[in-house]
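Report on the structure given below.
The basis for the numbers below is simple: all heavy atoms, side chains too, and nothing from hydrogens, waters or symmetry mates. In this chain, numbering begins with 1 at the start of the sequence shown.
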Amino acid sequence: KIQGLTIQNFDVGGIQCNGCFRMNIEDMDIGPQNMNIPVLGRYVHGRSVLGRLRYMVDEYGDEEIQFANRKAPTTVKAVADKLVEQMDMIFYHITQGIEFSDDNEQWIAAKKT
């Protein structure tokens with residue numbers, strides 16, 4: 001049973017319950033949500049998958065993979081490297097104010113996160 005809490009300034013969810021059964025939540029004040037979130041959830045998901053991605057690179061890094069919507073095959077390592085580069089660009093842009101060229105292909109893709 002959860003009761004009598006005030007939850008504010010959260011990024012994703014004011015309260016979360018995984019695998020709960022017959023949860024009782026009473027007398028809660030949830031919100032407002034934190035509105036100062038400089039990145040989308042895709043960035044957070046990308047960061048959270050890095051450990052597994054390192055394993056994939058170690059085990060399968062040079063193996064070619066083919067995506068259905070792309071003409072040329074690529075490698076697991078190339079996909080991982082691109083993800084890390086784009087996430088790093090976003091990180092340094094937000095935390096240190098580093099600017100990247102508007103015609104930089106990786107920066108264009110990174111800004112979508």
Side-chain angles (χ1 to χ4, degrees):
K1 182 176 190 174
I2 298 174
Q3 67 182 19
L5 294 178
T6 299
I7 302 170
Q8 299 174 329
N9 300 315
F10 49 88
D11 289 348
V12 177
I15 191 165
Q16 177 179 334
C17 181
N18 295 331
C20 293
F21 180 71
R22 297 179 61 146
M23 176 62 95
N24 185 357
I25 301 173
E26 297 177 359
D27 191 27
M28 302 291 288
D29 185 13
I30 301 175
Q33 178 178 353
N34 178 10
M35 299 307 288
N36 184 19
I37 304 171
V39 296
L40 299 176
R42 290 179 289 213
Y43 177 88
V44 177
H45 290 260
R47 283 284 176 209
S48 69
V49 78
L50 285 179
R52 193 61 162 149
L53 196 55
R54 285 187 193 104
Y55 168 80
M56 296 293 290
V57 169
D58 289 345
E59 294 295 318
Y60 309 103
D62 294 327
E63 291 190 26
E64 284 194 346
I65 54 177
Q66 178 71 50
F67 291 98
N69 61 344
R70 298 185 188 151
K71 294 179 183 178
T74 188
T75 64
V76 173
K77 184 177 183 333
V79 171
D81 288 347
K82 185 182 286 190
L83 175 64
V84 170
E85 180 181 359
Q86 291 174 11
M87 288 190 305
D88 285 350
M89 291 174 105
I90 293 295
F91 177 82
Y92 290 117
H93 176 72
I94 290 170
T95 62
Q96 299 177 18
I98 295 175
E99 296 290 333
F100 299 94
S101 172
D102 285 335
D103 63 352
N104 181 314
E105 195 174 299
Q106 294 302 328
W107 179 236
I108 293 167
K111 289 190 292 184
K112 295 177 183 176
T113 64

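In terms of hydrophobic clustering, with Ile, Leu, Val, Met, Phe, Trp and Tyr side chains grouped at heavy-atom distances under 4.5 Å, V84 and Y92 are assigned to a common cluster. Both M56 and F67 are assigned to one and the same hydrophobic cluster, defined by single-linkage of ILVMFWY side chains at heavy-atom distances under 4.5 Å. Hydrophobic clustering of Ile, Leu, Val, Met, Phe, Trp and Tyr side chains at less than 4.5 Å, counting indirect connections, unites I25 with I7. In the hydrophobic clustering of ILVMFWY residues, with side-chain heavy atoms under 4.5 Å counting as a link, L53 and Y60 come out apart. Hydrophobic cluster membership differs between V57 and V49, with clusters built from Ile, Leu, Val, Met, Phe, Trp and Tyr side chains linked at under 4.5 angstrom.
In this structure, E99 and H93 have side chains that are in contact, with non-hydrogen atoms separated by less than 4.5 Å. Side-chain contact between D102 and K111 is present, with heavy atoms from C-beta onward closer than 4.5 Å. Within the 4.5 Å cutoff, the side chain of M89 has heavy atoms near those of the N104 side chain. Residues W107 and I90 are in side-chain contact: their nearest non-hydrogen atoms beyond the backbone lie under 4.5 Å apart. Side-chain atoms of V79 and L83, non-hydrogen and from C-beta on, never get closer than 4.5 Å to each other.
Other residues, nucleotides and ligands place no more than 12 heavy atoms under 6.0 Å from the CG atom of D62. Environment of CD in E105: sparse, with no more than 12 heavy atoms of neighbouring residues, nucleotides or ligands closer than 6.0 Å.
When all heavy atoms of C17 and M23 are compared, the closest pair comes out as SG-CE, 3.6 Å. When all heavy atoms are compared, the tightest approach of R70 to Q66 is O-NE2, 2.6 Å. The shortest heavy-atom contact between M28 and G4 is SD-N, 4.1 Å.
Separating the CZ atom in F91 from the CD1 atom in I98 is a distance of 9.5 Å, to the nearest 0.5 Å. Interatomic distance, M87 CE to L50 CG, rounded to the nearest 0.5 Å: 4.0 Å. Distance CG/D103 to CD1/I108: 6.5 Å, rounded to 0.5 Å. Here the straight-line distance linking atom CG of N24 with atom CD of E26 works out to 4.0 Å at 0.5 Å rounding.
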